[in-house]
Enquirer: 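Just passing along the structure, written as structure tokens.
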Amino acid sequence: MKALRNYIDKIKPNFQKGGKFEKLHSTFDAFETFLFVPNKVTTGGAHIRDAVDMKRTMALVVLAMVPALLFGVWNTGHQHFLALGEVKTFWPVFWYGFLQVFPIIVVSYVTGLGIEFAFAQVRGHEVNEGFLVTGMLIPLVVPVDVPLWMVAVATAFAVIIGKEVFGGTGMNILNPALTARAFLFFAYPAEMSGDKVWIAGLKNGVALDGFSGETILAQAAVGKTAFTNGLDKIYTTADMFFGTIPGSIGETSTLAILIGAAILIFTGIGSWKIMSSVFAGGLFMGLILNLFAINTYMEIPAWEHLMLGGFAFGAVFMATDPVTAAQTEKGKYIYGFLVGILAILVRVLNPAYPEGMMLAILLMNVFAPLIDHYVVEANIKRRLKRVKANVKEV
Amino acid sequence: MSNVIKIRKGLNINLKGKAEKIFVKAPSSETYAVKPTDFHGLLPKLTVEIGQEVKAGTALFHDKNRPEIVFVSPVSGVVKNINRGERRRILEVVVEKSFGEIGYESFDRGNPLEMSRETVISNILKSGLWPSIRQRPYDIIANPADEPKSVFISAFDTAPLAPDYDLMVKESGREFQTGIDALTRLTKGKIHLNIHAEYPASQVFTNATNVQINKFIGPHPSGNVGVQIHHIDPVNKGDVVWFLSPQDVIAIGRLFLNGIYDASWIVALCGSEVLKPRYYKLLKGHCISNLVQDNLTENCHRFISGNVLTGTKIEQNGYLGYYDSQVTVIPEGSHYELLGWAMPGLKKYSAGRTFFSWLAPGKEYAPDTNLNGGHRSLVMTGQYEKVFPMDIYPMQLIKAIIIEDIDLMEKLGIYEVSPEDFALCEFICTSKTEIQSLVRKGLDLMIKEMN
């Protein structure tokens, strides 16, 4: 440890002002602070500080995503071999999934971090840790067969247009990972929807004859009442909950996502207010649709909606992004509830979009400042009323 | 009167090194100092020279803009030094104490209840006790030309390792009441004396007359006078509320009883690095070196006049701050930690549960001064709100201050807050934002704008 520290101290001057590699200052700083919590002390104000910092926070969010990731890796293999009609043991299935998913993660991180480092350097500030989360979110919300170059393009788009043009981490309006997904969805619809993209290999025709890889939502959209997998086996509620269904890599297992939610809520990083109100909103809208059901899609039980598509994943990992969500505590309830309502509304009533979560969150990202505005305005009015009440007394 | 105001939001930080309830009469220090930097926004004008003899109560300097506000020597002796900082700013006026009994300037004495408001004010002003009365808005020395709508005294402190006020006032019931009587002349409104509801407060407080006693319950910052004002008699635009500490009330009482400026003061020496944390009886402006001598662990220390959240960093031979009734010594934290952000962190204190220290609730911690991370943009939300018990949106107010939007700051309640109210926000901030200095900046901006 000492040796490593000494080495870093030795090369540090090269990266500081006037050093040989001054231009790589931000990069050096990022790696140095990754290895060592800096020796910086407080100067005034609060002399002691909470042990938590941005690195810890972001690392925990990534950790919360790990169950969904691991399950997604396994499910990728599982769905693939299901389509092939082969039965394999756990490890080959997992290994196959790993080979499919790992490159997407690498591409997402390399592209995104590369751009982040470059921007930090140009702007002369530290590299923010926010992308550690975004870089993991992007692979989890794309279909497994998405071409890698598309992941790279979408990540670059999300980081530059979604984040850096607004001033970087903390200033963006839209969730960067969803921006990447929306970009893919509208720019390359063929690779992002349909019944061939959700299962690895299906696009290239490596499957049993007549095997169909539609997601449950796609089946619901065409009016099916019983949802089946490619082999015409009916999906049970357990399948939906545990996630052995086709879908984006990380979104299928409600259980894995709930484990992540538990980590986020327990550590106090994710807002339980947003999560619970998204689910409440979804349930509420689902019940209304059930009540006025005029087609089979509207008849899907409200609670089943919460386990389908990207609803749970969006509620736990996307809607809760503190930068793009509502920032006032009251606003968070309103914001979350509206995300839930819109997601189900778009999903069920708009034939153009089989899934509504992405658009619901992006839309509410845009409206979050407005919600906050009214919440804060109410506070201001309360304060003014207090003055008036005082004047009356006198 | 008996209704208890419940503060739900906040955080008690449990630190090692609480002062034992043992009084020690501190050996008198060789030198005493009055620090103009303790009084925010003050432009000091010296009225003494080096070498001049002074008594306890002799003015050392006054406020350039309000010459009637004088700052006096706590002891009799000789002006030894005038320490200056950048651009010749006066940092400390040091007085070397003469041997033997302290010689006092004499001031008017008498029953303040029989005096006019003007007499009371002028007596407090002359004696140099006026600076102990501060005001909201802006958290600065009160303006004697104003008439406050009420006066607040917080009779308990909830800050980390806070001293026990009950102990400090125990033997000064008469002085305290006389001080209260003097304060009643200053306002047509009420004198609010706020005590903690959970444990029985000293009889000095509960038997006080001419005051309204309010009870509070809840974690820090329920002892902050700003929080109390907010819940009892909030400061709107144009309002002025004055506040002072119980020890200052006693000092005012002594002035009217004895006709002298008696700078006696009780201080808790505390913190994880103090071997024998105790209470000391001394005089304001005491040099801490003889308190900490042979009383420290082997370590690199941070000496703080005040508590760990709002105090001022001083040197080992520095002087006690004017408003501070505790001195805290904690370890300096200028060290690197390998992958510290990824460690389980059983010994790390965090308000959330991001480190495994949540496994040991109620444990006492000995945190150092390390920032525990780097400065980042504001990302997390909902953190400040958990420790900010006012009907004010802290994050929005801070952002309004950053963009210097005076109008918005006013609407969001800048008049009600002071930097200390944001101390816990600063403590828990994941982005390590210097919130207290930001709030101070905002208040300064308002002062400039309003005058």
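The shown structure was predicted, so the numbers you read here are calculated from the model rather than taken from an experiment. Chain identifiers are assigned alphabetically (A, B, ...) following the order of the sequence lines, protein sequences preceding nucleic acid strands; residue numbering begins at 1 within each chain.
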Enquirer: For B/Pro367, which atoms come within 4.5 Å of any heavy atom of chain A: side chain, backbone, both, or neither?
Expert: both
Enquirer: I'd like to know whether CZ of A/Phe367 has more than 12 heavy-atom contacts from other residues, nucleotides or ligands below 6.0 angstrom.
Expert: no
Enquirer: For chain A, find which of B/Glu426, B/Lys348, B/Gln436 contributes the most heavy-atom pairs closer than 4.5 angstrom.
Expert: B/Glu426
Enquirer: Between A/Met54, A/Glu329, A/Lys273, which residue shows the highest count of heavy-atom pairs closer than 4.5 Å to chain B?
Expert: A/Met54
Enquirer: Between B/Lys149 and B/Asp233, does at least one N-O distance fall below 4.0 Å, as a salt bridge requires?
Expert: yes
Enquirer: For chain B, which candidate among A/Asp321, A/Val375, A/Leu384, A/Asp372 shows the most heavy-atom pairs at distances under 4.5 Å?
Expert: A/Val375
Enquirer: Heavy-atom distances under 4.5 Å only: say whether A/Ser271 touches chain B with side chain, backbone, both or neither.
Expert: neither
Enquirer: Assess whether a salt bridge exists between B/Lys411 and A/Glu377, defined as any Lys/Arg side-chain N lying under 4.0 Å from an Asp/Glu carboxylate O.
Expert: no
Enquirer: Relative to chain A, which segment of B/Ala351 carries a heavy atom at a distance below 4.5 Å: side chain, backbone, both, or neither?
Expert: both
Enquirer: For this output row, return yes or no: ring centroids of B/Phe39 and B/Tyr323 closer than 6.0 angstrom.
Expert: yes
Enquirer: For the interface with chain B, which of A/Thr42, A/Ile269, A/Val323 has the highest count of heavy-atom pairs at distances below 4.5 Å?
Expert: A/Thr42
Enquirer: Pick whichever of A/Lys55, A/Arg49, A/Gln327 has the most heavy-atom pairs under 4.5 Å with chain B.
Expert: A/Arg49
Enquirer: Can you list every pair that meets salt bridge (charged side-chain N to carboxylate O under 4.0 Å, His left out) and has a residue in residues 372-388 of chain B, with sequence neighbours left out?
Expert: A/Glu129-B/Arg376
Enquirer: Identify which of B/Glu434, B/Met395, B/Lys237, B/Glu332 forms the greatest number of heavy-atom pairs closer than 4.5 Å to chain A.
Expert: B/Glu434
Enquirer: Select one option (side chain, backbone, both, neither) describing which atoms of A/Lys381 are under 4.5 Å from chain B's heavy atoms.
Expert: neither
Enquirer: Take B/Ser334 and A/Lys40, measure what side-chain hydrogen bond (donor to acceptor under 3.5 Å, both in side chains) needs, and give me the verdict at the end.
Expert: CA-CA 6 Å; B/Ser334 66; A/Lys40 214 168 162 189; over 6 Å; no
Enquirer: Where on B/Val439 is there a heavy atom nearer than 4.5 Å to chain A: the side chain, the backbone, both, or neither?
Expert: neither
Enquirer: Extract all donor-acceptor atom pairs below 3.5 Å that involve side chains of residues 59-66 of chain A and protein atoms in other chains or at least two apart in sequence.
Expert:
none

Enquirer: Counting heavy-atom pairs under 4.5 Å with chain A, which one of B/Glu420, B/Lys313, B/Glu416, B/Gln383 comes out on top?
Expert: B/Glu416
Enquirer: Between A/Gly170, A/Ala326, A/Gly268, A/Gly45, which residue shows the highest count of heavy-atom pairs closer than 4.5 Å to chain B?
Expert: A/Gly45
Enquirer: With chain A, which of B/Leu412, B/Leu15, B/Asp391, B/Ile330 has the greatest number of heavy-atom pairs at distances under 4.5 Å?
Expert: B/Asp391
Enquirer: Drop me the distance from B/Ile428's CD1 to B/Leu11's CG, to the nearest 0.5 angstrom.
Expert: 7.5 Å
Enquirer: As an exercise, state the distance from CZ of B/Arg302 to OG1 of B/Thr328, rounded to the nearest 0.5 Å.
Expert: 11.5 Å
Enquirer: Quick check for you: among A/Thr328, A/Thr267, A/Val376, which has the greatest number of heavy-atom pairs under 4.5 Å with chain B?
Expert: A/Thr267
Enquirer: Under the criterion ring pair (Phe, Tyr, Trp, His ring centres under 6.0 Å), which of B/Tyr393, B/Phe422, B/Phe427 is the partner of B/Phe388?
Expert: B/Phe422
Enquirer: Checking B/Thr369 against chain A: side chain, backbone, both or neither under 4.5 Å from a heavy atom?
Expert: both
